[in-house]
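Everything numeric here is computed off the predicted structure, so don't read it as measured data. A note on names: the letters A, B, ... follow the listed sequences, proteins ahead of strands, and every chain is numbered from 1.
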Amino acid sequence: MNAQIRQTAANEWEIPRGFVPGMRVPGRFFLSKNLAETLEDGALTQLANVATLPGIIRCSLGMPDIHWGYGFPIGGVGAFDAETGVISPGGVGFDINCGVRMITTPLHVSDIPDMPGLIEDLFTAVPTGVGSKSPCRLSQQDLTGMLENGAKHAVMMGYGTERDILRCEENGAMDGAQPEHVSKKARQRGIPQCGTLGSGNHFLEIQTVDKIEDQETADLFGVTEGQICVMIHCGSRGLGHQVCTDHLQILEQAVHTYGIELPDRQLACAPLSSPEGEAYFGAMAASANYAWANRQIITHIVRELFVKKFRIEYEEMPLVYDVAHNVAKWEEHDVNGVRQNVCVHRKGATRAFGPGRRELPHEFQGCGQPVIIPGSMGTPSYLLAGTKGAMEKTFGSTCHGSGRVQSRSSAKKSQTGEEVARALLAQGIVVRAPNQAAIAEEAPEVYKSSSEVVRTVHDAGISRIIARLRPLGVIKG
DNA sequence: ATGTGC
C-alpha cells in the first residue's frame, strides 16, 4: 500500500488531504488484504481527484471493486451539497443506470434437463451484442413515456406487472427526468435498442440459489435454496452513452464558465444549481428511466419464454429487486448531525439503504433493501441487504460487482473464447455469446473475486450477505 | 459501456 495511505480499520483506508493538490476532504476506501494488490495507482489518484470537487461532503469513497474509470473511479461514491456542490457525468459513467435485477422462478435444477436448449432459446429471444435491434417497435411517444416514467411506462405497455414497479429502486422511474434535454441523436439510438441486452459485461444468467446465509431475510426477499433464478445486467445502451457524450461537451464549457479548477478534464462538471448542471441531471434521469424500461422489457421476454417452455404462470416469476449501478440521485442523509438533501453520485456502486428508509417497500422496512451483486461469468453472484452501517459510512452505498483486473486486449491474448467456454462447461456452466471474442474478454480470470469483494463489504458492515447464487447458463453480449 | 479508435 502507498506510504501516504492510512489504515483506519480492518478493511478501511484513508487518503489524506494533500495526496493530490486541492483536496477539500479525504478519500476513504474499503479493501481487504487479499484485494490490496488489485488496487491501481490510477484509481487511487482518481479517488483523490474526486475529493477536490466543489461541495463534496465528508469524503470521496471507494468500494472494494474499485478500478480506473473515466474521471471518477468505477466503484466510486461522492455526495455533493445542494448549494455548493457539482454534478459530473464522470461520476455516473457512460452507461447511465447500468444495473441489475433478479427474478425468481418456481423451478429447481432438475426442472431444466436441457440447459443448452434453454440458453439457446433465450439467446434467440433477447437481442444481444453491440448494435442489436429491438424486439418492439417503439413510437416517439412511447420513447418519451419511457424517458419520463421508466419501468412504469413499460408495464403500461404490457411488459410486466404493477408489482414489478414496487420492486425497482425509485419505483423504476426517477423524479426530475427532462426528456427535452435528451438529444435527437440519443433518441434515434434509443428507439431501436429498447429491450436489448447490449455487450461487454452485460449478461443474462440462469442461476441457482446454492447457499442461504440469512434465512429470515431470504424469506422476506422470496428466495429459497435450490431455486432457479434469472439475473439481468444491462443499462441504457446507446441512448445513455449519447446523453453522456452530449452533456460532457456542454459541461467541459461550463467548467470555464463557472471557473472550476479541475485536476483532470474528465471530471467535467457544473454546479448542481446551474442551468448546465440541471440539464445534465434531467437528461441523466431520463436515461436512467429508459434503462429501467429496458430491463423491464427483457424481463417480460424471459417470462413469456419460461411460461411457454415450463408451463408456469407469469406471476410465478416475481422480481426480487432492481438496482442501479451508475447514477446520481437526490437523497436525504445525515451530514454532521443535520438531515440534508444531497446529490449522491454512484459509479459502479449500489445503493444499500438500511432498515427504516421511507424509499423502501414496507416488506423491507425491517431488513434493509435487497442489494444484487453480479459475479463475473462463471463465478457466484450474491444477494445482500442494505445496513445502518452503510447509512453511516457510505451515504447508503456498497460495491457493485467484481471489478476488472485485466484489460480486454490482454484477456484475448491469454485465452481464446473457445477455451474459456470449454473450461466453464467443465464446471457445468453453459455460455452463449454473439462471438468468441466476447467470451474471451469476459473470462472469470479478468475480474476480481466476487466472493472476496462481497466478503469485504459484509465485514465492513456496509451491507450483509443473504444468499449466494451459482451460475448455470450465461448469455453474454 | 459504446452504430468501440484520430
Q: Rounded to the nearest angstrom, tell me the gap between atom CG in A:L197 and atom C1' in B:dT2.
A: 14 Å

Q: Give me the residues of residues 374-382 of chain A where at least one heavy atom lies under 4.0 Å from an atom of DNA chain B, by number, or none.
A: none

Q: Using the ring pair (Phe, Tyr, Trp, His ring centres under 6.0 Å) rule, collect all pairs that involve residues 396-419 of chain A, keeping only residues at least two apart or in two chains.
A: A:H325-A:H400

Q: Remember a base hit wins even if backbone is also touched, and classify A:K347 as base, sugar-phosphate or nothing at under 4.0 Å, heavy atoms.
A: nothing

Q: Rounding to a whole Å, what distance do you find between A:Q242:CD and B:dT4:P?
A: 12 Å

Q: For B:dT2, does OP1 or OP2 lie under 4.0 Å from any side-chain N or O of A:T245?
A: no

Q: List for me each residue that meets salt bridge (charged side-chain N to carboxylate O under 4.0 Å, His left out) alongside A:D210, sequence neighbours excluded, and say none if there are none.
A: A:R468, A:R470

Q: Not counting sequence neighbours, which residues clear ring pair (Phe, Tyr, Trp, His ring centres under 6.0 Å) with A:F306? List them please.
A: A:F310

Q: Which whole-number value in Å describes the distance from A:H247 NE2 to B:dT2 C1'?
A: 17 Å

Q: Expressed in angstrom and rounded to an integer, what is the separation of A:Y70 atom OH from B:dT4 atom C1'?
A: 15 Å

Q: For A:R28, enumerate each residue passing the side chain to side chain donor-acceptor pair (under 3.5 Å) test, keeping only those at least two apart in sequence or located in another chain.
A: A:E14

Q: Side chains of A:S381 and A:Q207: any donor to acceptor distance under 3.5 Å?
A: yes

Q: Among A:I465, A:T350, A:V457, A:D65, which residue meets the side chain to side chain contact (heavy atoms under 4.5 Å, CB included) test with A:I373?
A: A:T350

Q: Specify the separation, in whole Å, of atom CZ of A:R237 and atom P of B:dT4.
A: 12 Å

Q: In this structure, how many angstroms lie between the C1' atom of B:dT2 and the CG atom of A:N326, rounded?
A: 13 Å

Q: Between P on B:dG5 and NE2 on A:H241, what's the gap in Å once rounded to a whole number?
A: 8 Å

Q: Quick one: label A:G93 by what it contacts on the DNA or RNA (base, sugar-phosphate, nothing), any heavy atom closer than 4.0 Å.
A: nothing

Q: Would you mind reading off the distance between A:R408 atom CZ and B:dT4 atom C1', rounded to a whole angstrom?
A: 10 Å

Q: Pairs in or reaching into residues 439-453 of chain A: which pass salt bridge (charged side-chain N to carboxylate O under 4.0 Å, His left out), with residues at least two apart or in two chains?
A: A:R404-A:E442, A:R408-A:E441, A:R408-A:E442, A:K412-A:E441, A:E442-A:K476

Q: Just checking A:G235: base, sugar-phosphate only, or nothing, at a heavy-atom cut-off of under 4.0 Å?
A: nothing

